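Have a look at the structure below before the remarks.
Remember, predicted model here, so these are calculated numbers, not experimental data.
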Amino acid sequence: MSKTSDFPYLHGFSETEQNRLRAQAEFAEYTIFQNINFSQAKKIIEVGCGVGAQTEILLRRFPKAHVTGIDLNDKQIASAKNFLSTMPTFKNRFDLHQMSADDIKFEAHSFDAAYLCWILEHVPNPAQVLSEVRRVLRPGAEIVITEVMNSSFFLEPYSPHVWKYWMAFNDYQHDRAGDPFIGAKLGNLLTQMGYHQVKTEVKTWHFDNRQPALRKHAIHFWTDLLLSAADALVADKYVEAEVVTKAKEELDKVANDPNAVFLYSFMQAKAQVYY
């Protein structure tokens, strides 16, 4: 995997982006965690813990668990430590390490659960990451992975600059050894890497004028997510600044349209380890 400074993360590592990740975790928590049960897990490894946004949810939902988070970026680790240290109930229940996910520096069978969320889309070799995670999991341990499936995005009314920007967004990630469609491939990856009882589930955000408040919130969340990559896309000439401006205008207009529709599906996979 690349060095920290070269890590191909299209959203960047600014404080604004770190705050966005925490807002994203809050927005997505209900949908992501509906069927996750780590209540019997004592030692969870979170791969790609980032700013600790998902770590906080794991610690809060599963109070008997200790969470070990790893992330390649030192700025994210520092932010996660600061964030989690403000919560007294989490004291002595987590530790965080700057570490590459394709070379995990823990001994075999060290953990009894693994959690990965929005991480495999960014790594050059997801199979190697899953191999390393399998190595450090104990027999019978469960892995839960939540990942993107960017071909699923739908927005009404039709917004041509949003679509142009979205295609550039996905091209940029793909060209930098990421995979904006990896969610649909999780079943294959887990099976190929020796996991058992592999199950996948499609999770969907679908908001229309039956839920106007949630729809507007989702579109604002999506706008922040898309525009977090704007500087990188413009700098590397994947899109012109004018397209970014017009896409933002279209998204603002859609957010206030009484007949707007927002839909995005992503994937969650679960599997177990046997030796």
Side-chain angles (χ1 to χ4, degrees), residues 8-32 53 117-122 146-185 201-268:
Y9 181 61
L10 76 167
H11 303 286
F13 302 101
S14 68
E15 184 177 352
T16 298
E17 169 60 14
Q18 291 173 342
N19 290 332
R20 186 196 70 79
L21 288 172
R22 294 189 180 105
Q24 173 180 275
E26 181 180 353
F27 173 82
E29 178 180 351
Y30 174 78
T31 309
I32 289 175
C117 187
W118 318 128
I119 171 64
L120 294 181
E121 61 172 308
H122 298 295
T146 302
E147 272 302 344
V148 298
M149 191 170 62
N150 283 0
S151 58
S152 67
F153 175 44
F154 175 81
L155 189 69
E156 173 71 23
Y158 177 68
S159 304
H161 293 93
V162 173
W163 295 122
K164 184 178 290 187
Y165 182 91
W166 183 235
M167 292 301 102
F169 182 101
N170 290 310
D171 286 346
Y172 184 95
Q173 185 169 10
H174 182 271
D175 290 349
R176 278 150 182 77
D179 189 344
F181 313 108
I182 196 168
K185 307 171 188 179
E201 179 183 1
V202 178
K203 291 179 173 281
T204 300
W205 293 315
H206 179 207
F207 303 112
D208 54 24
N209 55 23
R210 291 170 295 177
Q211 298 173 297
L214 283 174
R215 176 184 60 195
K216 190 165 189 175
H217 183 48
I219 295 171
H220 285 161
F221 150 73
W222 200 253
T223 300
D224 289 343
L225 184 153
L226 293 186
L227 296 183
S228 65
D231 289 346
L233 295 183
V234 172
D236 288 344
K237 303 186 185 306
Y238 274 73
V239 72
E240 296 178 353
E242 182 182 10
V243 172
V244 177
T245 299
K246 290 185 176 180
K248 174 65 164 62
E249 291 172 355
E250 289 174 352
L251 285 162
D252 288 343
K253 186 175 181 180
V254 171
N256 293 304
D257 190 305
N259 289 307
V261 178
F262 173 89
L263 183 145
Y264 180 77
S265 294
F266 56 97
M267 299 291 297
Q268 187 169 93

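- For the atom pair Met267 CE and Thr204 OG1, the distance stands at 9.5 Å (nearest 0.5 Å).
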Would Glu17 and Arg20 satisfy salt bridge (Lys or Arg N to Asp or Glu O under 4.0 Å), going step by step from the backbone distance to the final call?
-> CA-CA 5 Å; Glu17 169 60 14; Arg20 186 196 70 79; 2.8 Å; yes

Stepwise side chain to side chain contact (heavy atoms under 4.5 Å, CB included) check, Glu156 with Val254 = CA-CA 7 Å; Glu156 173 71 23; Val254 171; over 6 Å; no

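- For the pair Leu21/Trp118, no side-chain contact is recorded, criterion being any heavy-atom separation below 4.5 Å from C-beta on.
- With sequence neighbours excluded, the residues satisfying side-chain contact (heavy atoms from CB on, under 4.5 Å) with Leu214 are Phe207, Gln211.
- By the side-chain contact (heavy atoms from CB on, under 4.5 Å) test, Asp231 is found to be paired with no residue, residues two or more places apart in sequence or in another chain being considered.
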Side chain to side chain contact (heavy atoms under 4.5 Å, CB included) between Lys203 and Ile32, worked out | CA-CA 8 Å; Lys203 291 179 173 281; Ile32 289 175; 5.5 Å; no

Please walk me through it: do Asp257 and Lys253 pass salt bridge (Lys or Arg N to Asp or Glu O under 4.0 Å)?
-> CA-CA 6 Å; Asp257 190 305; Lys253 186 175 181 180; over 6 Å; no

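- Of the possible donor and acceptor atoms, one in the side chain of Glu147 sits under 3.5 Å from a partner among the backbone N and O of Ile119.
- Remark: the backbone N or O of Pro157 is paired with a side-chain donor or acceptor of Ser159 at under 3.5 angstrom.
- Residues Leu251 and His220 have side chains not in contact (no heavy-atom distance under 4.5 Å, counting atoms from C-beta outward).
- Within a 6.0 Å radius of NZ in Lys164, no more than 12 heavy atoms belonging to other residues, nucleotides or ligands are found.
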Would you check, one step at a time, whether the test side chain to side chain contact (heavy atoms under 4.5 Å, CB included) holds for His161 with Val244?
-> CA-CA 8 Å; His161 293 93; Val244 177; over 6 Å; no

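- Rounding to the nearest 0.5 Å gives a distance of 7.5 Å between CZ of Phe262 and CG of Leu155.
- Closest approach of Met149 to Tyr264, counting heavy atoms only: N-OH, 3.2 Å.
- Using a 3.5 Å distance cut-off with no hydrogens or angles, the side chains of Tyr172 and Asp236 do pair a donor with an acceptor.
- Glu250 is listed as a side-chain neighbour of Pro160, based on a closest heavy-atom distance under 4.5 Å.
- Taking 4.5 Å as the limit, every side-chain heavy atom of Val148 sits out of range of all side-chain heavy atoms of Phe266.
- In this structure, Glu26 places its CD atom where only 12 or fewer heavy-atom neighbours from other residues, nucleotides or ligands lie under 6.0 Å away.
- Closest non-hydrogen pair, Thr223 versus Lys248, comes out as CG2-CD, 3.7 Å.
- Taking the six-membered ring where tryptophan is involved, the planes of Phe153 and Trp163 are tilted, since the angle between them lies from 30° to 60°.
- When all heavy atoms of Arg215 and Asp208 are compared, the pair lying nearest together is NH1-C, 3.3 Å.
- Ring geometry for Trp166 versus Trp222: interplanar angle of 30 to 60°, hence tilted.
- Between Tyr165 and Phe169, the ring-plane angle classifies as tilted under the 30° and 60° cut-offs.
- Taking CG from Leu227 and OG1 from Thr16, the interatomic distance works out to 12.5 Å, rounded to the nearest 0.5 Å.
- The closest side-chain heavy-atom distance from Cys117 to Thr146 is below 4.5 Å.
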Kindly indicate, with the supporting measurements, whether the criterion side chain to side chain contact (heavy atoms under 4.5 Å, CB included) is fulfilled by Val234 and Val239.
-> CA-CA 5 Å; Val234 172; Val239 72; 4.1 Å; yes

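- Each of Lys185, Gln173, His174, His122 was checked for a side chain to side chain donor-acceptor pair (under 3.5 Å) with Asp179, and the lone residue meeting it is Lys185.
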